[in-house]
S.K.: 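Please read through the structure below; I'll follow up with questions.
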Amino acid sequence: MNLVLLGPPGAGKGTQAIRISKHLGIPHISTGDMFRRATAAKTEMGEKASQYMNRGELVPDEIVIGVVNERLQEGDCASGFLLDGFPRTIAQAEALEKALARGNKKLDQVLDIEVGEEELVRRLTGRRTCRSCGKIYHLVFDPPKAPTTCDVCSGDLVQREDDGEETVRNRLRVYQEQTYKLIDYYRKRDLLSVIDGKQEVETVFTDIEELLRV
Ligand code: ADP
Ligand code: ADP
Ligand code: ZN
């Protein structure tokens, strides 16, 4: 299955992506994670991307499209993939369509996780991530046993630089202005399934399992 996970920052895309990827046996491709890894490794692309990310703005289309096209050529994508956080603009969606068509492929489904704005702010400002294994926590909704230590690997839990309230508000504005239109784009192509992301994590996942056209 070739899938896209759509939804505003904080909707739970990363949280659900781990479950979906395991359930279907397809790779989880998060452009945000790819940029954060490149930033940590101090590559040229990472340094460039982090300037935009820290302001809560989108990384320019030409950079993102190049990175994703390369990733989709890797062998593990042959039997399907789950894109998380890509596409985020119409130009990215069109580039994806073209890249897939070149390989005689197409998207099977787009899962749109919907959550209201104030809940998104609460989720993002309380998010903590393990620096070592990447596990996602929330200080209130999914708290670790100790506030700064990962339950799984004892790694440090950190707050993402772009999860401060001011940057979060900007990211939500950017979503409304540039990404929200993708809902209509994919609805017109009959690919869209909408999921109520306000429910508990496991309930959201059950809904996704039921909606998957497998
Ligand atoms: P996204 O990838 O869409 O930005 P995440 O999966 O990182 O979202 O989730 C954002 C924050 O909200 C995290 O702290 C996560 O633990 C929490 N979270 C995710 N899903 C839920 C849920 N259904 N209910 C409450 N909190 C959630
Ligand atoms: P979230 O879903 O919580 O907003 P991500 O990890 O998906 O977080 O993205 C973090 C940041 O990485 C974004 O705010 C943006 O700066 C950059 N980014 C990720 N994916 C894209 C994309 N497809 N296009 C442009 N910028 C992106
Ligand atoms: Zn960990």
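Below, each value reflects all heavy atoms present in this structure, side chains not excepted, and no hydrogens, waters or symmetry copies. First listed ligand is number 1; within each ligand, the first listed atom is number 1.
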S.K.: Using a 4.0 Å cutoff against the non-hydrogen atoms of Thr31, which atoms of ligand 2 qualify?
M.R.: 19 (C), 20 (N), 21 (C), 23 (N)

S.K.: With heavy-atom distances below 4.0 Å as the criterion, list the atoms of ligand 2 near Phe86.
M.R.: 23 (N)

S.K.: Taking Lys145 for its side chain and Cys150 for its backbone only, find out whether a donor-acceptor pair lies under 3.5 Å.
M.R.: no

S.K.: Side chain, backbone, both or neither: which applies to Val64 and ligand 2 if a contact is any heavy-atom pair less than 4.0 Å apart?
M.R.: side chain

S.K.: Would Arg55 count as a contact of ligand 2 if the rule is a heavy atom under 4.0 Å away?
M.R.: no

S.K.: Answer yes or no: is there a donor N or O on one side and an acceptor on the other, between the side chain of Thr203 and the main chain of Gln199, under 3.5 Å?
M.R.: no

S.K.: Would you mind running through ligand 2 and noting each atom that sits below 4.0 Å from a heavy atom of Arg36?
M.R.: 6 (O), 10 (C)

S.K.: Salt bridge between Asp33 and Arg37, side-chain N to carboxylate O under 4.0 Å?
M.R.: no

S.K.: Does Glu57 approach ligand 2 within less than 4.0 angstrom via side chain, backbone, both or neither, non-hydrogen atoms only?
M.R.: backbone

S.K.: With the Zn ion (ligand 3) at the centre, find the angle made by SG from Cys150 and SG from Cys153, to 10°.
M.R.: 110°

S.K.: Test your reading of the model: is there a side-chain donor-acceptor pair from Thr179 to the backbone of Arg88, 3.5 Å cut-off?
M.R.: yes

S.K.: Does Glu114 come within less than 4.0 Å of Lys198, counting only side-chain N to carboxylate O?
M.R.: no

S.K.: Could you tell me whether Glu165 and Arg169 have a side-chain N and a carboxylate O separated by less than 4.0 Å?
M.R.: yes

S.K.: Which atoms from ligand 2 have a heavy atom of Gln92 less than 4.0 Å away?
M.R.: 22 (C), 23 (N), 24 (N), 25 (C)

S.K.: Tell me whether Glu177 is salt-bridged to Arg173, with the criterion being a basic N under 4.0 Å from an acidic carboxylate O.
M.R.: no

S.K.: Examine distances only and state if a side-chain atom of Thr167 and a backbone atom of Gly56 form a donor-acceptor pair shorter than 3.5 Å.
M.R.: no

S.K.: Decide whether Ile20 and Val201 are clustered together by the hydrophobic rule: side chain heavy atoms of Ile, Leu, Val, Met, Phe, Trp, Tyr closer than 4.5 Å, transitively.
M.R.: no

S.K.: As a test of reading the model: which residues have a non-hydrogen atom less than 4.0 Å away from ligand 1?
M.R.: Pro8, Pro9, Gly10, Ala11, Gly12, Lys13, Gly14, Thr15, Arg123, Arg127, Ile136, Tyr137, His138, Phe141, Gly197, Gln199, Glu200, Val201

S.K.: Backbone N or O of Asp162 within a donor-acceptor pair of the Arg171 side chain at under 3.5 Å?
M.R.: yes

